[in-house]
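First listed ligand is number 1; within each ligand, the first listed atom is number 1.
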Amino acid sequence: MLTATKITVAPCKLLINGEWTDSADGKSFDSVNPATGEVLTKVAEAAHEDVDRSVKAARTAFDDVNGKWRRISASERGRILWRIADLIEKHIDELAELETLDNGKPIFESRHVDMPMVVDVFRYYAGIATKIQGETINVNETAFTYTLREPVGVVGAIIPWNFPLLLASWKLAPALACGNTVVFKPAEQTSLTAVRFGEIAMEAGLPPGVLNIVTGGPEVGALLVKHPLVDKIAFTGSTAVGKEIMKEAADSLKRITLELGGKSPNIVFADGDLDQAVKGAINGIFYGKGEVCNAGSRLFVDRKVHDEFMTKLVERTKKMCPGDPLDPKTRLGALVSEKQMNTVLGYIEAGKKEGANLVTGGRRVPVGGNEGYFVEPTIFGAVKNDMRIAQEEIFGPVLAVIEFDDLEEVIEAANKNVYGLAAAVWTRDVKRAHLMTKRLRAGTVWVNTYGLMDAALPFGGYKQSGFGRELGAHAVEHYTELKSVWLNIA
Ligand code: NAD
């Protein structure tokens with residue numbers, strides 16, 4: 001039996017101009033619990049008219065120079081963000097449970113990793129709100145020249161399903177701190193925490209129209225991208241959709257930032273701490289069920305320690321069974337949807353056909369007598385770097401292990417991939433550690449650890465993992481325009 005939830009999940013409405021409303025054509029879709037396949041609730045599916053109204057509400061809230069949002073100080077904006085953080089902290093158990101019900105991730109992750117970081121991100125940008133500044137630049141004696149940093153305007157924030165509220169916070173907190181207004185579209189698989197967040201943001205004092213939430217599928221996102229009154233699209237999702245968005249945004253020359261897919265190399269040298277590296281490899285691929293953009297899905301192991309390493313890795317992996325997501329002891333939950341599970345199982349079949357060695361896992365398993373979307377932690381050995389399972393993003397608990405002999409060979413193989421989101425290196429040699437961090441083409445490189453993040457440290461991709469950085473002070477560059485002022489004082 002799976003743990004029963006005490007939460008009643010109400011049907012989700014759209015948030016437009018500070019009011020909760022059904023969609024204009026009355027349509028809705030099901031939100032499904034991936035651990036059971038059961039419908040959790042109905043979610044309003046925004047129609048064309050709803051997207052248009054939400055963008056216009058955001059536009060008015062931004063443009064009205066006498067409006068509330070334009071008149072409040074940076075300090076007050078910071079206070080509202082801080083209040084949002086306080087309210088998330090107050091409701092942290094409820095939000096974590098909603099996230100787990102909707103996404104299938106272990107409650108341990110939602111409660112102790114995702115939600116605390118959401119709180120941190122809002123507090124970080126609450127502090128940033130009063131530190132957005134231009135500069136004075138001395139050009140000559142007869143001019144007073146300076147720059148102003150101004151909000152971009154209406155931001156369309158489009159989010160995937162793997163870290164629903166966390167990835168939303170990476171966009172909403174800096175966008176609001178900089179004084180923008182927002183239309184937020186969560187992923188259709190995971191709308192519940194987005195809607196609850198909307199209630200919290202209203203309670204914290206965001207004026208009407210500053211944050212609008214439109215739930216629905218890809219069409220809703222596409223309408224936002226096309227809308228002429230949206231100034232910027234902040235997108236996290238797949239590389240394929242990122243490319244479509246870039247093309248669509250070209251017509252109106254919208255600003256865009258794209259946080260896309262990954263196939264990150266995790267590289268173990270023979271002189272690394274092998275026990276720590278085994279833990280890092282497991283964390284790298286099985287955390288978040290492997291539905292993680294920076295998952296360490298390509299594991300390169302020095303041939304000198306390969307057999308010893310594999311024995312330890314497989315032993316630990318076999319102890320990891322998929323379990324009830326609401327059980328605090330569970331470390332591997334349910335994949336987000338039947339579709340995603342089938343994609344993952346398809347890649348497992350492809351790996352077998354390509355001749356890789358299925359060392360452990362590989363099957364769908366029932367949990368608690370339910371037909372949820374659970375897949376065993378899976379490891380392939382004897383993988384060649386050009387196999388599909390080594391090159392394509394699987395987005396599930398499937399690890400491809402590749403042996404290597406020397407440093408140049410592993411650098412070349414690690415970089416030989418269209419993605420460049422993250423990478424990791426395990427070594428005790430400090431010279432090699434620095435050399436690797438310079439040579440790996442990735443937005444984040446971890447040394448002797450995997451997956452650590454902080455609200456203050458920028459995150460984003462090289463190559464087809466996208467562009468623009470989220471988190472940290474650099475995010476401000478993507479949510480502001482830079483204006484130069486030249487004042488003649490001759
Ligand atoms: P997806 O690209 O299918 O969808 C992401 C969002 O875009 C959803 O809200 C979806 O409804 C919307 N969308 C789909 N088509 C659209 C279109 N044509 N126009 C506008 N919006 C559209 O991605 P997904 O399956 O939800 O998420 C998994 C992907 O996200 C993986 O590739 C993963 O690597 C990536 N991801 C990247 C990061 C990062 O920070 N780089 C973080 C998390 C996830």
Taking the six-membered ring for Trp and the single ring otherwise, decide whether the centroids of Tyr450 and Trp426 are under 6.0 Å apart. no

Taking only non-hydrogen atoms of Gly261 and a 4.0 Å limit, the atoms of ligand 1 in range are 32 (O), 34 (O)

For Glu393, the atoms of ligand 1 under 4.0 Å from one of its heavy atoms are 31 (C), 32 (O), 33 (C), 34 (O)

Going by heavy-atom distance to atom 20 (C) of ligand 1, choose the closest among Pro160, Gly242, Gly221. Gly221

Neighbour count above 12 (heavy atom, 6.0 Å) for Gln276 CD: yes

Do side-chain atoms of Lys105 reach the backbone of Lys289 as a donor and acceptor pair under 3.5 angstrom? no

Sub-3.5 Å N/O-N/O distance, Gly237 and ligand 1: yes

Less than 3.5 Å between some nitrogen or oxygen of Ser465 and one of ligand 1, yes or no? no

Closer than 4.0 angstrom: is that true for some heavy atom of Gly217 and an atom of ligand 1? yes

Using a plain distance cutoff, I'd like to know if Glu244 has any nitrogen or oxygen under 3.5 Å from a nitrogen or oxygen of ligand 1. yes

Ligand 1 to Leu167, heavy atom cutoff 4.0 Å, flagged ligand atoms 42 (C), 43 (C)

Between Thr236 and Lys171, do the side chains contain an N or O donor and an N or O acceptor separated by less than 3.5 Å? yes

Ignoring angles and geometry beyond distance, decide whether Ile159 reaches within less than 3.5 Å of ligand 1 through its nitrogen or oxygen atoms. yes

